[in-house]
Every structure is written in C-alpha cells, then in structure tokens.
Visitor: 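One structure coming up, written as structure tokens, with questions to follow.
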Amino acid sequence: MRAYWKLTQAQLILFARNRTVIFFSLVFPILLMMALGTFLGGGGDVRLKGVVIDQDGTVDSREAVAKLTALRSAGLTVASDETQARDALKRGDLQLVVMIPKSFEEQLRIGKAKVHVLYDEKSQTVSQIGVQLIEGVVDALSKERTGYAPVVGVEASPVQSLGLKYIDFLVPGIVAMMIMSSNLNGVAGQIASWRERGVLRRMQSTTLRARTFIAAQITARLILNGSQALIVLLLGAFAFGTRVSGSWALVVMYVILGTLVFMSIGFIIAGLAKTPESAGPIAGFVSFPLLFLGNVFFPISSMPELLQPVVKALPITHLAHAMREVMNVGATLGDLWLDTVWLIGWLIVAFVIASMTFKWE
Amino acid sequence: MHSTWSRRCNACGYEQQYEGAWRCAMQQRTQEVGAEAHRDAVIDVHELVKRYGDVPAVRGVSFHVSRGEIFGLLGPNGAGKTTTMEMIEGLRIPDGGRAIVAGHDTKTALHRVKAVIGVQLQSTSLFDLLTVREITELYASFYANPVPILPLLESMILTDKLDSRVKSLSGGQKQRLAIALALVNDPLVVFLDEPTTGLDPQARRTLWDIVLRLKERGKTIILSTHYMDEAHVLCDRICLMDKGTIIALDTPDQLIARLEADRAVVFRVSEQLRGEEDKFVAFREACAQMEGVQTVSVHGDVFSLYTSNVQRSLIDVIQCTERCGIVVDQLSTRSATLEDVFIRMTGRSLREQ
C-alpha cells in the first residue's frame, strides 16, 4: 500500500516537474480553447442542415419558402415528404424541419399565420441557432406584410451570438481531446522510454508487484486528467460562460472511462514501439486524425458521408459526444447508454491487446 | 550442519547423491576452487543456459558464492556476465539450469529472492526529475522492511545531494545512488553490474572503497567488470568468462599463479616483419622455444612472452632478434596480470570484442 501511494506521488511529482507534460496537457489545450473560443465563438462555424416543406403551395407560401431558402446560413433546402424529414431529424441527419402548413395563405390574411419549426432538442447547439434564424426571417416577413416601419432600430454588432455558441460545443470537445492526447502520448512516450532506459527492469528486480505499479499509474493519471478537466471547465465557465447542465458525477465518470480507454491504447502503442523515439510519432499519428475526425472541433455531421461509419466507431467521438450531452443538455446515463457501451467496449478490447503486447523490457 | 549442506549444495549434483557423497564432493570442490567451501553458499548456480533466438549467450554456467564474499565476473563485452547476473536476479528466465539464492529457487520463489537481493543494473537510468531523497524513499517503499534512508545515503556520501535532482548528479554520484537503492532493503546479496564503467579514476577509487566497506558489513557481492585491475583489487574470487562459458574460477592470485610465469616480456616488432609470413612464424616459434617461456601471445605486432625467468628471456630475445635481423621496439617487462590470464586462456584481449 505504501508503494502504491509513493508511486502515485512520485508520478504526480514527475508530471509537475516536466515542462513538456505541462505544456501539452494543459497550456496547449487552454490556448486552443481560448483561440478557437474567441475567434469562432460566434457560432459561424456551426453547419446547419434542414428542409422546408411547403404544404400550402400558394403564392404566399412559395414566397416564404424562397425567403427561407435564401438564408444561406440556415442551410435549408426544399423537401416534400414530412415523414421522411422527421425520420432524418431523429437520426440527426437534419437539424431543422420547417413546415409551412396548409391554409397558410388564408391565415396570413387574418394575421394568424404560423410556421412550424421542428428541431432535435438533443443537438440544441445547432438547432437553437437555426430556430433563431428562422424567427428572423418570419419576423421580417410579417413586418413586410403589415407595412410596419420600425421606429427603433437595432444596430447589431456581432460579438457573440445569443444562443448556444460554438464554445459550448468546443469545451467538452477540448476536455475529451486532453484526455486522449495526454494519455496516448503520455503513456506511450513515458512507458517506452522507461522500458528503454531500464527503469522498468530496475523496478522489476524489487519486490514491487506489477499490479501495484499499474494501479499507481492509473491513479496518478486519473488525478492528472481530472484536474485538467476541472481547470478547463472552470476556465470555460469564467471566460465564456459555459456551464455543466447535467450531473457532475457523470462528467467524472466519463473522465475516468476516457482515461482508462486512452491509457490502454497508450500501453498498446508503448508495446508496439520499438524505441521511445518512435513511440511519440506513432502516438501522434494515431491521435492527430482522431482530433479532426473525432467530434472534437467539428460536429460529425460536417464529416464526409464516406467517413461517417469510421468516425462513429472512434472512441474519441463517443467521449466527446457524451461529455457534450452531459454538459450542454444535461443528458443522463440512460440517454448516453450507446456512448457508454462503445467506450466500455473500446476499454475491454484495448486492455486485452495491451496486456498481450506489453513488455517490461 | 549436515542438513544445511544438503539443502543448499545443489550444484554438486542431485539431492539424492548427497547422503553418501557430500563430504567427498565438498572436499573436491574446496580443492578445485581454493576457497572456503560452499557450506555457506548464498548463491548456487547450476548449469545455467540462456539463448537469445539462435544465439547462445550463456552456455552452462555453474558456481557457488559464499556468504560475505566478493565474487567477480570478469570478461569482455558479450561474455555473458550480465545475462548470468540477470538470471540469478530473476530478471531473465533461464532456458536451462537453475539458480538458488539464499535457499530460494528463482523459478519457484522469485518474490522471496527479490526480497533478499539488491540490484544495480548496468544501464539503469533513474527518474531524472526526482530528488535523491524522493527516489530513495520511493524504492524503500517497495520493500517490507527498508533501512532508514538518511544513514544509508550518508554511507554513500550523498548527504549533501539529498535535495538535488538525479539529473544534476555526476556519473559517480549516480552510481553511488544506484548502489544506495540496491541497499534499501538491507539485502543479503548485492549485484553490481559494471559499477565503474565510464567513471573517472577518482570516482572509481571512491566506489571501490564503498564496495570494500560493504564487504566489511558482511554483504555478499557479485560484481561484474571488464577491468582486470578492479577485479584484482576487489574480488575474493574471480570467475573468468568468455563466450558464455566459465574459462577459469579462482582467487586472483591463484589465477595468475596458474600462468606459471610471474613476469611478461613485451615488445613490438617492425611492420615489415608482419609482411613476411614465414619469418614471422619462425620467429614466433623461436620465442616459444626460449628457456623459461611458458606462453607467447601475439597481438598484431606486439609480442608478450610469459616467463618464469625474465633475465634469461630478455637476453634470448635480444640475441635472437639480432641474429635474424629483426628490429624490436618498446621492449619492457612487467608482472603478469589477470589480463594475461585471459589472453592465455582465449588468445584474445579483454578489451576486444
């Protein structure tokens, strides 16, 4: 037990004294978050996709459709099948379905016309922006109809948009990214170098049990990743006003699960790498594409169709998604069972491979 | 005593052979190695074999190490010293044979073996970013009954480096720290694998003192080295290894005495002679025939004549070379060393591959 605490403590001291670790595991993600959050915080990067269904088919409704589709940022196209559109919305292929109901024209005459907007509550991030955009179009339309001339104008200076912002999408992604890169690169690099330099063999010649060593490694990394996540979350809250809507316990659970998954993958890389020099590049080779494909900076919906199945199988995708849902929407474990199963699956597979490929020397 | 013997003395043969033959076997061994019997053997190695792929690294090595003894493994790089040590330490699994440390078999009771040994590995680097105190406390935590670390570090002359990071230590200090870590569990046996390789002469002397003090404290030490002077100064017995086998095992003085030549006459012949094959061979023959000369070893253009009669041999060399018109250079005499023993046994120098 004493060995376990001492090893954990020693590992934490090593983290704290290693400038590269501090930079890549904390400073870099924070800088990235600050930069992306500031420049892209307006939500301009969120890709919307939706359809307009004209059920009225009159001159007025067609005019409304034209105005809506003209709004390029809403990404609306014209469709006709309502059921199909609803299904696509449920699958997450669409974020918005706008319906112009029958008798739209008649209602418009008496000033009671309505446009129905269906959106996926779960991907609020994107949908909320879409709803606001449509509201704007409809508002303009009604003002035009009533011949209303505004006496007070709003001069919009877009600093940040009002609804859920890109930063809300980004912060959970950054937490997931930190967990991934700090474990992939950290474990692979450190273990490979300890093995090469004989550090592991030296410990192997003592009465230290391998399981104590591994337990201490896991504990130290959980503490490291937990504090990293906390710092990023707090910084996001203070600097950008992001918040955790769901349960903190779930956030902690996904931090732990993510740490274990990527530690195991890190051990696999350490086992595959012949030299410590090659461990870094291999880890980079693995983590770099994951960063861009894996739902960290960009929603999976913006990925090419062809890559979708691959992207949806990546552990980082599920980690980022689960984090995001817990933080933004307040999803529960029940909502996230699929992500959880994926992550546990990855953990089991990676752990088995890691224990088969691991070498002390 | 009888029972102790029959439990520990596994290298003589199988257990069942002891009853009748133990006394005889022990006497024989005592004569053979000229040291105290392995009545007190803390290490008992029998026919150890290790292959790396198709390459045999150790091919059947057997020896005993007595309690309180400094036992040297001397040989060139690749002789199998490190592999032999690592098999006794339990870091490598032998392909054949067995190693018993303090009565525990490394195959079946490795954890017990690890509790009573201390290891300094040849190429271990330690955690660079920890301080001397931190890393010693860390290693102490791996054992059930560690020694107090401050007196330990003081005995390794590291007291004023307590709070320095390992990174900032000199080579000698790092080696002393490595030895301190090998002692945190107050081991019965300490393994030192080439502890002075790469150190400056001053640091080597300091380390020799430390090793001798460990012996005074009753530690059994297995030391590997490729420095013959080091082996001679430190070791009670030396196991001379080459190409994975033991070529001689005895006290340093006995090894040298085996040469039956206490002095060596060394000289260099001219380059030109090396070109003339016949003349070269004839001269070599002539040297071997000289009175008192036991062995002639030739390395390139350097001849070493091991002789029991230096004066006679010197005269003979000078006369012979003059007669044949051979130019000699850098003629000198010196005492025979362990290096000479090695050359005599293998025809090669310790420093060569």
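Chain identifiers are assigned alphabetically (A, B, ...) following the order of the sequence lines, protein sequences preceding nucleic acid strands; residue numbering begins at 1 within each chain.
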Visitor: Does any part of the side chain of B:Leu138, heavy atoms only, come nearer than 4.5 Å to the side chain of A:Gln11, both counted from C-beta?
Guide: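 Answer no - side chains too far apart.
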Visitor: Using 0.5 Å steps for rounding, measure from the CZ atom of B:Phe142 to the CZ atom of A:Phe213.
Guide: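 These two atoms lie 8.5 Å from each other.
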Visitor: At what distance, to the nearest 0.5 angstrom, does CZ of A:Arg201 lie from CG of B:Leu91?
Guide: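 Going from CZ on A:Arg201 over to CG on B:Leu91, the span is 5.0 Å.
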Visitor: What part of A:Trp194 gets within 4.5 angstrom of chain B, counting heavy atoms only: side chain, backbone, both, or neither?
Guide: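 The side chain, not the backbone.
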Visitor: May I ask you to test the B:Tyr139-A:Met203 pair for a side-chain heavy-atom distance under 4.5 Å?
Guide: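 Side-chain contact under 4.5 Å: yes.
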Visitor: Output every pair passing salt bridge (charged side-chain N to carboxylate O under 4.0 Å, His left out) with a member in residues 162-172 of chain B, not counting sequence neighbours, ordered by first then second residue.
Guide: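 Of all non-adjacent pairs touching residues 162-172 of chain B, those that pass salt bridge (charged side-chain N to carboxylate O under 4.0 Å, His left out) are B:Arg133-B:Asp163.
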Visitor: Do the charged groups of A:Arg17 and B:Glu134 touch, with an N to O distance under 4.0 Å?
Guide: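 Counted as a salt bridge, because a side-chain N and a carboxylate O are separated by less than 4.0 Å.
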Visitor: Taking CD1 in B:Ile93 as the centre, count heavy atoms belonging to other residues, nucleotides or ligands within less than 6.0 Å. Is the count above 12?
Guide: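 For B:Ile93, atom CD1 is not crowded (no more than 12 foreign heavy atoms under 6.0 Å).
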Visitor: Would the number of heavy atoms belonging to other residues, nucleotides or ligands and lying under 6.0 Å from NZ of B:Lys215 be above 12?
Guide: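 Result for NZ/B:Lys215: enclosed.
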Visitor: Which bit of B:Ala140 comes within less than 4.5 Å of chain A, counting heavy atoms only: side chain, backbone, both or neither?
Guide: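 Backbone only.
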Visitor: Has the side chain of A:Ser205 got a donor or acceptor atom that lies under 3.5 Å from a matching backbone atom of B:Val119?
Guide: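 It does not hold such a pair.
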Visitor: Step by step, would you call A:Gln204 with B:Leu121 a side chain to side chain contact (heavy atoms under 4.5 Å, CB included)?
Guide: CA-CA 11 Å; A:Gln204 206 192 346; B:Leu121 295 172; over 6 Å; no
Visitor: Taking atom CZ as the centre, does A:Phe351 end up with more than 12 heavy-atom neighbours from other residues, nucleotides or ligands that are less than 6.0 angstrom away?
Guide: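 It does not: A:Phe351 CZ has 12 such atoms or fewer within range.
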Visitor: When you measure from the side chain of A:Arg2 to the backbone of B:Tyr143, do you find a donor-acceptor pair of N or O atoms at a distance under 3.5 Å?
Guide: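 Side chain of A:Arg2 to backbone of B:Tyr143: a pair is present.
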Visitor: Taking CZ in A:Phe288 as the centre, count heavy atoms belonging to other residues, nucleotides or ligands within less than 6.0 Å. Is the count above 12?
Guide: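 Incorrect, the count does not exceed 12.
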Visitor: Is there a side-chain contact between B:Leu129 and A:Ile13, using heavy atoms and a 4.5 Å cut-off?
Guide: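 No - every pair of side-chain heavy atoms lies 4.5 Å or more apart.
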Visitor: Please flag which part of B:Leu181 lies under 4.5 Å from any non-hydrogen atom of chain A: side chain, backbone, both or neither.
Guide: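 Both backbone and side chain.
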Visitor: Please report the C-alpha distance between B:Leu126 and A:Val199 in whole Å, then the side-chain angles of each, then the deciding distance to 0.1 Å, and finally whether the side chain to side chain contact (heavy atoms under 4.5 Å, CB included) criterion is met.
Guide: CA-CA 6 Å; B:Leu126 302 158; A:Val199 174; over 6 Å; no
Visitor: Which one of B:Gly90, B:Pro187, B:Ser141, B:Ala182 has the most heavy-atom pairs closer than 4.5 Å to chain A?
Guide: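 Of the candidates given, the most pairs with chain A belong to B:Ser141.
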Visitor: From A:Thr207 OG1 over to B:His111 NE2, what is the distance, rounded to the nearest 0.5 angstrom?
Guide: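 Answer rounded to 0.5 Å: 5.0 Å.
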Visitor: Quick one: are B:Gln120 and A:Arg202 in side-chain contact, heavy atoms under 4.5 Å?
Guide: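 Contact flag for B:Gln120/A:Arg202 side chains = no.
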